[in-house]
Amino acid sequence: MREVYLDHAATTPPFPEVLKIIQESYTNLYGNASSLHSAGQKARQALEKAREEIAKTIGAEPEEIFFTSGGTESDNLALFGTESFYPLQPVITSIIEHEAVLETVNALASKGHPARFLPVNNEGIVDLKALKALLVEKPYVVSVMLANNEIGTIQPLREIAALAHEKGALVHTDAVQALGKIAVNVQELGVDMLSASAHKFYGPKGIGFFYLRKDVKALPLFQGGGHERGLRSGTENVPDAIAMALALKISTRLFTRTHYRYERWTAQILKKCEEIGDFRLNGHPKQRVPGLLSLSFKYINGEALMELLDMNGIAVSTASACQSHSAKRGYSHVIKSLGIDETYANGTIRVSMGVENTQEEIDFFCEILKKSVKQLRNYRNDQ
Amino acid sequence: MINKYSPLLTEHFMNPRNIGRLNDFTFSVESDHLKDGDRIVFYVALEDGRIKDISYTIQGCPRVIASSSYTSELVKGKKISEVLEMKEETIAERLGIDDPSFNCIRLPLSTLQQKLKEYL
């Protein structure tokens, strides 16, 4: 059966160049980057080169980049790594963050940092007025994601950072869904900390990085040999770090070309949705990551739609599964926060395109989408 | 494609039996345990203490669609007393769902049984 992968916001297939460099690195750069002999130093040099490349891509200094296991660890490092310098000061985040931030903020609340959650408007944009009001409480950090993972909305990070800095708060952004999809520059955004994950931009899984502005103090999450200038102990994962740097370079170079394609496909899918009827596109119509669509169809169950598509070989995700992880039920906190009517919210799927998708695949998706929504609506029809 | 569901569940989800609305029915009953707009409405025609015919309209997850379909096949033609003796667990087991947190598998039968008690 034909397989059409349209879930790139969940994870991406690694670029062939990435796979090749991983194999080469494991073969030639097996030395421990902390060893003083030549094998170790060869790995060290390659690791530092990867760091420099990543730093350059996001407008940072190499010493501001720390290799981690991915987005979740970086988010924890940002919020937990800095908290002890600001005892009992509040932490501000948005209600549409990824669980890696939300759960960390909840954990901080139990350590005495009052947790404040910014609402969003019905297009998923953070309420800046609410932020201004909450900044009066002197929070130690404001953490707002750059692009949302479910609806793709891009947040006004520059404005958020400027407002937060006026009141002396640190600014962290979870940029996991933005890197490799849009231009990300820490200087332009004005953020102090940033989280990234390689597998979202066609790199390997289990590696990411954390940007920490030079003059910001942070403590490690766990103790060990003092790797990564004391912030992240554990033998450096040199092959995957090199692969991540390459993946970031390629995806950043590619995105202007893929954007054009994604916009064309988005228009095609939305036209098909018009034919289907009773649908809505969630999130901001323009201020969004190209190629990521959150679609809600009235009077259907999103999980049933996702499964019907899957049975036709098409992979998308749903925001309304009974049991996507463990005890989660109903549709997601992001979709809830947009205030969408439940007859639509329940029928939500996320379609996220990637570099390997073809016109033929999008045509096939459109055809099966229409058929599947019609089939499920027929099940409900009691006329 | 890796199918996380049993062949029987997949078959009933993809091709649900007895779906639609009966023209002549003794009662209709809607499950009140689904949420977020999901629902099942059963239409049941009784004759001489038996389920002569049954149908349903549904909006829900793959499991609740499949179990509604399977349950409808199972109860059709049966005496009310026989339906009341049926076990929700049997349906869950046959459809290959052993996770007790999936109430949706059990819901169709329990909804029917509750209403059928009035017709004993």
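None of the values given here were measured: they were computed from a predicted structure. Every chain is numbered from 1 and lettered A, B, ... according to where its sequence line falls, protein lines coming before strand lines.
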J.: By a 4.5 Å heavy-atom criterion (distance strictly below it), what part of B:I19 contacts chain A: side chain, backbone, both, or neither?
T.: side chain
J.: Please classify the contact of A:L308 with chain B as side chain, backbone, both or neither, using a heavy-atom distance under 4.5 Å.
T.: both
J.: Indicate the atoms forming the closest heavy-atom contact of B:G60 with A:A304, along with that distance.
T.: O-CB, 3.3 Å
J.: If we only count heavy atoms from C-beta on, is the B:I65 to A:N301 side-chain gap below 4.5 Å?
T.: no
J.: Is the shortest side-chain heavy-atom distance between B:Q59 and A:Y299 below 4.5 Å?
T.: yes
J.: Mark yes when over 12 heavy atoms from residues, nucleotides or ligands other than A:Q23 sit less than 6.0 Å from its CD; otherwise mark no.
T.: no
J.: To the nearest 0.5 Å, tell me how far A:M311 CE sits from B:T10 OG1.
T.: 4.5 Å
J.: Counting neighbours of CD on B:E93 that are heavy atoms of other residues, nucleotides or ligands and sit closer than 6.0 Å, is the number greater than 12?
T.: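 At most 12 heavy atoms, drawn from other residues, nucleotides or ligands, come within 6.0 Å of this atom.
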J.: Taking atom NZ of B:K52 as the centre, does the number of heavy atoms from other residues, nucleotides or ligands within less than 6.0 Å exceed 12?
T.: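 Counting neighbours around NZ of B:K52, 12 or fewer heavy atoms of other residues, nucleotides or ligands fall under 6.0 Å, so no.
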J.: If I take atom CD from residue A:E303 and atom CG from residue B:D38, how far apart are they, to the nearest 0.5 angstrom?
T.: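 The distance works out to 9.5 Å.
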J.: Taking everything shown except A:E356 itself, do over 12 heavy atoms lie less than 6.0 Å from its CD?
T.: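 Yes, because the 6.0 Å sphere around CD of A:E356 holds more than 12 heavy atoms from other groups.
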J.: Can you sort out the partners of A:K205 under side chain to side chain donor-acceptor pair (under 3.5 Å), two or more places apart, ordered by chain and number?
T.: A:T11
J.: Nearest heavy-atom pair of B:P16 and A:Y379: which atoms, and what distance?
T.: CD-OH, 3.1 Å
J.: Can you tell me if CD on B:E118 sees more than 12 non-hydrogen neighbours from other groups inside 6.0 Å?
T.: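 Check passes, neighbour count above 12.
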J.: Counting only heavy atoms not in B:N15, do more than 12 sit closer than 6.0 Å to its CG atom?
T.: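 Counting other residues, nucleotides and ligands, CG of B:N15 exceeds 12 neighbours.
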J.: Distance from B:M14 atom CE to A:E307 atom CD, nearest 0.5 Å?
T.: 10.0 Å
J.: Below 4.5 Å from any heavy atom of chain A, which atoms of B:Y5 appear? Answer side chain, backbone, both or neither.
T.: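 Only the side chain of B:Y5 comes within 4.5 Å of chain A.
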J.: Look up atom SG in B:C61 and atom CG in A:L305, then write down how far apart they are to the nearest 0.5 Å.
T.: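 So the SG of B:C61 and the CG of A:L305 are separated by 13.5 Å.
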